[in-house]
Asks: 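I'd like to ask some things about the structure below.
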Number of protein chains: 2
Amino acid sequence: MTSANQVKKNGNIRAKSQVKILTAARTEFVLQGYRGATVQSIADRAEMPKANILYYFKNKENIYHAVLEHTLEMWDEGIGDIEADKGPKVAIEKFIEAKVRMSFKHPEASKIYAMEIIQGAPHLKDYARTYQRQWVREKAKLFQQWIDNGEMANVDPVHLIFLIWSATQHYADFETQILTIMNRADFEEDDVQQVITFLCDIILRGCGLIK
Amino acid sequence: MTSANQVKKNGNIRAKSQVKILTAARTEFVLQGYRGATVQSIADRAEMPKANILYYFKNKENIYHAVLEHTLEMWDEGIGDIEADKGPKVAIEKFIEAKVRMSFKHPEASKIYAMEIIQGAPHLKDYARTYQRQWVREKAKLFQQWIDNGEMANVDPVHLIFLIWSATQHYADFETQILTIMNRADFEEDDVQQVITFLCDIILRGCGLIK
DNA sequence: ATTATTGTTAACCATTTAGTCAGATAGTTA
DNA sequence: TAACTATCTGACTAAATGGTTAACAATAAT
């Protein structure tokens, strides 16, 4: 057996175990918070002995860091960028759609991030924060150009970004409440589409981009 | 000394201690979550011995319940109702303003509520949930009437309520992130006013209520 | 076949934590 | 003053928790 295959086989067990652990951990961290999630509860959910968990991750904090990192990566990827070349209407539409789909597809990711921020982002490194500031600055500048060109109404670009973030993430973070209010057990594709339509409609009109 | 005064004096110590404890507890619960906040940490913040805390509240869960209850009461009061008699424009304006002011004035209240919902509302009794469903139904009906009368654009009333909730509460829950992005240490009255203006502007236009 | 590496697990330990309790102190009433 | 009640607090306990260790099992390399 070649060296490459060997690494792959070992790596497989390792990778599979880690995924299993991180999946269980993500759920526990959402359900119980950082302190409330115990290594034992993660082990139970992953159906492994506790010691096995600590064989793959040195300690609880490392598990959390891995979960957080994975979450942020996925979030970044899934949302991608705002496409500047097709004008504000398409840009905002695409962005809202991406964020709404992300919220319905991976609510736990949004929840973990939300809890982290609510508690004052104690585990988030500075680079994550400054990176975000940079991102917002950049996009705000883009919106401002469209405003200056008369392509959209004169609304504060930074607050517009906050509005889109909050309105879309709400469906992930407040899932429980929304399901209760709508008297539903689960969301379906129709619901997702309806939210996208609603938000695009109202925000685009709010920005003077339709009608 | 009369019996009334006696009760008042005893009640004063009791009441004052309880307020001190609940204030400290609220902060700890926001910062560390339910499990992360220890009775000792609450005691430290309240500058009392731990045993004294447990003299006034039978156990940790009782402290949390008291915090939660107080939070919900305050939230209800502060927001009040949607005033139906002056039409949709004024109603939405007033509602947004009340919610934004609340978010900036009592961010911890919103944060505790948000964390509770994110984790699946494990401590929230059914009455709180069904009460909310009732509230939303009622207000949605009101919006629907305005829509049917041609007084505002045809937007989904329930999602409109979600939008206003999310957009306003965002400034409380994501305080940390927003301050970082805006590169500020604190919010000032001007910021509050700006948010109110921005949100009213964009949402009212989104509902076809201005321009 | 033997050795080395990787994975698995029960048993154990030190520390933290919620909650108890008995006794001290201060304030109130008769 | 004496009895009574509310407040306060250090010292304690039982359970839970994060993490270690040492022995064992499976797999791969030589």
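Just so it is clear: chains get the letters A, B, ... in the order the sequence lines come, proteins before strands, and each one is counted from 1.
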Asks: Does a salt bridge link A/Asp44 with A/Lys50, judged by any charged N lying under 4.0 Å from a carboxylate O?
Replies: no
Asks: How about B/Gln134: does its CD atom have over 12 heavy atoms from other parts shown lying under 6.0 Å from it?
Replies: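 No.
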Asks: Counting side-chain heavy atoms from CB outward, which of C/dT6, D/dC8, D/dT9 is closest to B/Ala51?
Replies: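 Of C/dT6, D/dC8, D/dT9, D/dT9 is nearest to the side chain of B/Ala51.
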Asks: Mind calculating the distance between CD1 (A/Ile53) and P (D/dT20) to the nearest angstrom?
Replies: 15 Å
Asks: I want to know whether A/His123 and A/Tyr34 have ring centres closer than 6.0 Å.
Replies: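 Centroid distance A/His123-A/Tyr34: below 6.0 Å, so yes.
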Asks: Crowded around B/Glu189 CD? As in, over 12 foreign heavy atoms under 6.0 Å?
Replies: yes
Asks: Using whole Å, report how far CZ of A/Arg14 lies from P of C/dT6.
Replies: 8 Å
Asks: Using atom NZ of A/Lys16 as one end and atom P of D/dT27 as the other, report the distance to the nearest whole Å.
Replies: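 Interatomic distance, NZ of A/Lys16 to P of D/dT27: 13 Å.
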Asks: Could you work out which one of D/dC8, C/dT6, C/dG19 sits closest to the side chain of B/Tyr55?
Replies: D/dC8
Asks: Nearest to the side chain of B/Leu54, which nucleotide is it out of C/dG7, D/dG10, C/dG19?
Replies: C/dG19
Asks: Output the rounded distance in Å from CG (B/Asn12) to C1' (C/dA26).
Replies: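 After rounding, the reported distance stands at 16 Å.
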Asks: Over how many whole Å does the gap from A/Gln18 atom CD to C/dT6 atom C1' extend?
Replies: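 After rounding, the gap between these two atoms is 13 Å.
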Asks: Under a 4.0 Å heavy-atom cut-off, which of residues 21-38 of chain A touch DNA chain D?
Replies: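 Within this stretch, A/Ala37, A/Thr38 sit under 4.0 Å of the strand.
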Asks: Assess whether salt bridge (charged side-chain N to carboxylate O under 4.0 Å, His left out) is satisfied between A/Asp81 and A/Lys139, documenting all intermediate values.
Replies: CA-CA 9 Å; A/Asp81 229 0; A/Lys139 303 313 163 194; 3.1 Å; yes
Asks: Do A/Lys20 and A/Glu47 sit within salt-bridge range, that is, some charged N less than 4.0 Å from a carboxylate O?
Replies: no
Asks: What is the distance, to the nearest angstrom, from the CD atom on A/Gln40 to the P atom on D/dA16?
Replies: 11 Å
Asks: Taking any heavy-atom pair under 4.0 Å as a contact, classify A/Asn52: base, sugar-phosphate, or nothing.
Replies: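 Here A/Asn52 touches the bases of the nucleic acid.
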Asks: Atom CD1 of A/Ile63 and atom P of D/dT17: how far apart are they, to the nearest Å?
Replies: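 So the two atoms are 14 Å apart, to the nearest Å.
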Asks: Among the nucleotides C/dT9, C/dA18, D/dG19, which one has an atom lying closest to any side-chain atom of B/Lys50?
Replies: C/dA18
Asks: Write down the distance between NZ (B/Lys60) and C1' (D/dA15), rounded to a whole number of angstrom.
Replies: 14 Å
Asks: Consider only side-chain N and O atoms of A/Glu108 and A/Tyr113, and report whether a donor and an acceptor are under 3.5 Å apart.
Replies: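 The criterion, which ignores hydrogens and geometry beyond distance, is not satisfied for A/Tyr113 and A/Glu108.
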